[in-house]
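Taking it in order: structure first as structure tokens, then the write-up.
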Amino acid sequence: MGTIHENGDIACIRPIGIIHSLYLQRGDAPRQGRLSDTESTIEVLPAYAEGLQDVESHPHLIVLYWLDRSDRTALRATPPGTHTEHGVFATRSPNRPNPIGFAVVDLVRRNGNRLVVRGLDALDGTPLIDIKPYSPGIDCVRE
């Protein structure tokens with residue numbers, strides 16, 4: 001188990017960048033980013049820009065981000081289009097104890113420390129946590 005700090009936290013997450021999008025509030029964003037062709041820009045902070053080396057060799061990326069405008073006290077949610085409440089861990093609700101957003105995006109282009117992507121549902125100003133290459137052989141579940 002990881003180290004638990006005095007305040008009960010097990011980890012300290014530091015943003016590595018910021019997401020710029022056309023979505024200013026929750027009602028603006030699509031239910032799922034993959035359902036939209038809208039482009040967003042991921043700006044990686046200069047201190048982490050070196051980590052982008054060779055990122056453009058991956059057409060798809062996994063983006064992790066902090067849903068900073070979410071309700072961290074919510075433990076139940078009703079998914080869109082349903083009338084049935086579920087525990088948040090059985091939903092994709094942004095309201096959850098640790099509001100970490102996850103998206104598989106298409107990399108459109110790289111401009112220095114900025115990545116233009118398609119398929120992201122993050123609001124403008126959302127903190128970026130991490131970027132990883134998407135690998136169909138590893139990340140795609142075969143049923």
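Computed from a predicted model, the values in this text were never measured in an experiment.
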Side chains of Arg110 and Val116: closer than 4.5 Å at any heavy-atom pair?
-> no

Least distance between heavy atoms, Ile131 atom then Ile16 atom = N-CD1, 4.4 Å

Looking at Pro99 and Ser70, what are the two nearest heavy atoms and their distance?
-> CB-CB, 3.8 Å

Keeping to residues at least two apart or across chains, list the salt bridge (Lys or Arg N to Asp or Glu O under 4.0 Å) pairs with something in residues 79-91.
-> Arg76-Glu85

Check whether any side-chain heavy atom of Arg109 sits under 4.5 Å from a side-chain heavy atom of Arg114, and report yes or no.
-> no

Strictly by modelled atom types, are Asp130 and Tyr48 linked by a side-chain donor-acceptor pair under 3.5 Å?
-> no

What's the spacing between Glu39 CD and Ser21 OG if we round to 0.5 Å?
-> 12.5 Å

Check whether any side-chain heavy atom of Val117 sits under 4.5 Å from a side-chain heavy atom of Asp106, and report yes or no.
-> no

If you take all heavy atoms of Leu107 and Glu56, which pair is closest and at what distance?
-> CD2-CA, 3.6 Å

Between Thr41 and Leu115, is any pair of side-chain heavy atoms under 4.5 Å apart?
-> no

When you look at Asp124 and Leu22, which way does the side-chain contact (heavy atoms from CB on, under 4.5 Å) test go after all the steps?
-> CA-CA 6 Å; Asp124 188 56; Leu22 298 175; over 6 Å; no

Is any side-chain heavy atom of Thr126 less than 4.5 Å from a side-chain heavy atom of Arg69?
-> yes

Verify the cluster assignment for Ile18 and Ile100: are they in a single hydrophobic cluster under the rule of side-chain heavy atoms below 4.5 Å apart?
-> no

Ile19, Leu45: one ILVMFWY side-chain cluster at the under-4.5 Å cut-off?
-> yes

Does the side chain of Asn113 reach to within under 4.5 Å of the side chain of Glu43, using non-hydrogen atoms?
-> yes

Minimum-distance pair of heavy atoms, taken over all atoms of Arg96 and Arg92 = NH1-C, 4.0 Å

dist Leu75:CG -> Thr73:OG1 (nearest 0.5 Å) comes out at 7.5 Å

Yes or no on side-chain contact (heavy atoms from CB on, under 4.5 Å) for Trp66 and Ile13, after CA distance, side-chain angles and deciding distance?
-> CA-CA 9 Å; Trp66 191 259; Ile13 296 176; 4.1 Å; yes

Cluster overlap Val55 with Tyr65, hydrophobic side-chain contacts below 4.5 Å = yes

Ile62 CD1 to Tyr134 OH distance, which is reported to the nearest 0.5 Å = 7.5 Å

Taking all non-hydrogen atoms of both residues into account, name the closest pair between Pro79 and Thr91 and its distance.
-> CG-CG2, 4.0 Å

Drop me the distance from Ser135's OG to His60's NE2, to the nearest 0.5 angstrom.
-> 11.0 Å

Do any N or O atoms from the side chain of Asp71 and from the backbone of Asn95 form a donor-acceptor pair under 3.5 angstrom?
-> no

Could you pull out the closest heavy-atom pair between Ala103 and Leu120, with the gap in Å?
-> CB-CD1, 3.7 Å

